[in-house]
Amino acid sequence: MRTLVTGGAGFIGSHIVRRLLELGHAVRVLDDFSTGSRDNLAEVSSDVEITAGDVRDADALERVANGCEVIFHEAAIVSVPYSIEHPMESHAVNVVGTLNTLEVARRVGARRVVFASSAAVYGAEPTLPKVESMLPAPISPYGVEKLTCEHYLAAWAHLFGVETVALRYFNVFGPRQDPSSPYSGVISVFVDRLLAGRGVTFFGDGRQTRDFVYAGDVAEANVLAASARGVSGRAYNVACGRETSLLDLATMIGDAVGRPVVRTFEPARVGDIARSSADIGRARDELGYAPAVTVEEGLRRLVAARRA
Ligand code: UD2
């Protein structure tokens, strides 16, 4: 089938693009290259139609979406702290960009939109593991935006028959995640620092936990969500289903790199949640999702990719 990946030159998008190509699908990418890069698609670029453009630009989006059966909508400003500092811009890209994607999907007759949502929709409510039947209660603009988009998706499925699926990503890691921004994922930062012979810094006591999921598994969840039956209008946790503390994570990364880990501690980040883990039963039962890569194995692959 012909597919479009918005944000396809970004970290997660580039994993989805590769998986789609492996399965023999035709792939188009729309990316504004604000955080994505052509390097992320370097060795597959001759197999992908890449267009530079903004998801808020309806004409550009319609041109690339025309003829596509499934749209994977990954284009977004992906930072919680950035959304707090720049709520208007974050809303415009994340909410208006998604609404535009839904409208374009309807106009071009796309069968399905698979959307990159986030664990941020759950907010700080402490009950674990997070399960989709819980009432979402986001506490950041980013979380509000992702939840708003989920509601738009469900409404568009109901009103216009565009099939929609929202995937609530937990803490995604893997090759091509950029370690250089102040908002970078903790694994990309820790791996980069250890490979450079430096120590790691914990914000807080390091006992906070996250459910880290390998990007290849996230790509597989997207592919499954594109074709599963009876799932339109629904949302699914995409995680590993395992809770890992940052202290344990640093030890695991030290093992993968083969270096002892020097630890320093700084005050906790404002708004940081203490613990996070997902119930992945709904994705398993309804999408057939089964994460194939453990955190340890994912770290080994990431370290090997960074060294190469
Ligand atoms: C993740 C997602 C975010 C959103 C959110 C929902 C990433 C990169 N971000 O935010 O988009 O979906 O989940 O809840 O996946 N930390 C350190 N030292 C460092 C860097 C980070 O201790 O050098 C801590 C940080 O304070 C936090 C944990 O590591 O407690 C994870 O931080 P993160 O930025 O990787 O991801 P998170 O969970 O804040």
Side-chain angles (χ1 to χ4, degrees), residues 7 10-13 15 35 74-85 90 93-94 115-126 128-130 134 136-147 149-150 166-174 176-196 198-215 217-218 235 237-240 243-253 261-278 295 298-299 302:
F11 160 49
I12 297 173
H15 284 269
T35 53
E74 309 300 306
I77 295 181
V78 296
S79 165
V80 171
Y82 191 89
S83 80
I84 296 168
E85 288 154 28
S90 185
V93 173
N94 292 350
F115 169 66
S117 187
S118 166
V121 301
Y122 289 111
E125 208 278 318
L128 290 180
K130 300 298 182 203
M134 287 174 176
I139 52 162
S140 66
Y142 181 79
V144 172
E145 290 154 15
K146 290 293 181 181
L147 183 59
C149 292
E150 287 193 7
L167 300 179
R168 293 177 178 171
Y169 301 160
F170 280 66
N171 287 66
V172 187
F173 75 101
R176 298 188 291 281
Q177 188 170 30
D178 177 13
S180 66
S181 104
Y183 312 120
S184 295
V186 64
I187 289 184
S188 67
V189 174
F190 280 11
V191 167
D192 218 53
R193 292 180 68 102
L194 279 178
L195 284 174
R198 299 161 72 197
V200 302
T201 302
F202 297 97
F203 302 135
D205 63 7
R207 289 178 206 276
Q208 66 265 51
T209 64
R210 295 292 186 268
D211 194 330
F212 296 103
V213 57
Y214 191 65
D217 283 325
V218 174
N237 291 341
V238 174
C240 206
E243 193 180 359
T244 304
S245 75
L246 283 203
L247 292 169
D248 289 344
L249 176 74
T251 304
M252 287 152 72
I253 296 176
V261 182
V262 178
R263 299 167 162 82
T264 52
F265 293 86
E266 284 185 9
R269 274 183 186 164
V270 178
D272 221 18
I273 54 169
R275 293 175 61 196
S276 173
S277 75
V295 180
L299 290 173
L302 173 58

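Side chains included, hydrogens not; waters and symmetry mates left out as well; all remaining heavy atoms used. For ligands, and for the atoms within them, numbers begin at 1 and follow the listed sequence. All values reported here derive from a predicted model rather than from experimental measurement.
Taking the side chain to side chain contact (heavy atoms under 4.5 Å, CB included) definition, one finds that A120 meets it with S118, Y142, sequence neighbours left out. The side chain to side chain contact (heavy atoms under 4.5 Å, CB included) search around D217 returns V213, Y214, Y289, P291, A292, V293, not counting sequence neighbours. Considering only residues two or more places apart in sequence or on other chains, R263 meets the salt bridge (Lys or Arg N to Asp or Glu O under 4.0 Å) condition with none of them.
Across L194, V191, V186, a single residue satisfies side chain to side chain contact (heavy atoms under 4.5 Å, CB included) together with V200, and that is L194.
A distance limit of 4.0 angstrom between heavy atoms and ligand 1 selects the residues V78, V80, S118, A120, Y142, N171, S184, G185, V186, V189, F190, T201, F202, F203, Q208, R210, L246, R269, D272.
A side-chain donor-acceptor contact under 3.5 Å links E145 and S90.
Taking CG of L246 as the start and CZ of F190 as the end, the distance is 5.5 Å to the nearest 0.5 Å.
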